[in-house]
Amino acid sequence: MSATHALTQLVPLAADFDKNKVTPGVLGFLVFAALAVGVWMLMKSMNRHMGRVDFEEAPDPAEAKPAATGPKPDRG
């Protein structure tokens, strides 16, 4: 079945609907509920993974070197 044939079959059905009474209905609710459950599961998984991350940083090697307090050698 081609797309144009499907559209020609559905156009007469669309004319029967009252445009003031069209609502998302059960299908809209089910899609919204599925999206909500999916987001909830992703957030739960993210919280679990973030709990496993170790946030301690290694010390910076440039800051770990002690500063020289003595006189600088003469290079001349």
Side-chain angles (χ1 to χ4, degrees):
M1 178 187 278
S2 68
T4 56
H5 182 66
L7 286 177
T8 57
Q9 295 292 328
L10 293 175
V11 169
L13 294 176
D16 294 340
F17 289 123
D18 183 8
K19 293 180 181 180
N20 295 326
K21 293 184 181 180
V22 176
T23 62
V26 176
L27 180 62
F29 173 76
L30 292 176
V31 169
F32 182 78
L35 287 172
V37 169
V39 168
W40 178 76
M41 289 171 57
L42 284 172
M43 292 294 289
K44 190 173 178 179
S45 174
M46 183 191 68
N47 282 334
R48 188 174 346 129
H49 283 84
M50 292 297 284
R52 295 179 185 167
V53 174
D54 182 19
F55 285 109
E56 287 186 27
E57 295 183 15
D60 190 12
E63 292 179 7
K65 294 179 184 177
T69 56
K72 293 183 179 181
D74 187 18
R75 297 186 185 203

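The basis for the numbers below is simple: all heavy atoms, side chains too, and nothing from hydrogens, waters or symmetry mates.
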In this structure, CG of Leu42 is separated from NE2 of His49 (nearest 0.5 Å) by 11.0 Å
Euclidean distance, Met50 CE relative to Met43 CE, rounded to 0.5 Å:
10.5 Å
Side-chain heavy atoms under 4.5 angstrom apart, residues restricted to Ile, Leu, Val, Met, Phe, Trp, Tyr: same cluster for Leu35 and Leu27?
yes
Under 4.5 Å between side-chain heavy atoms, counting indirect links through other Ile/Leu/Val/Met/Phe/Trp/Tyr residues: same cluster for Met46 and Val39 or not?
yes
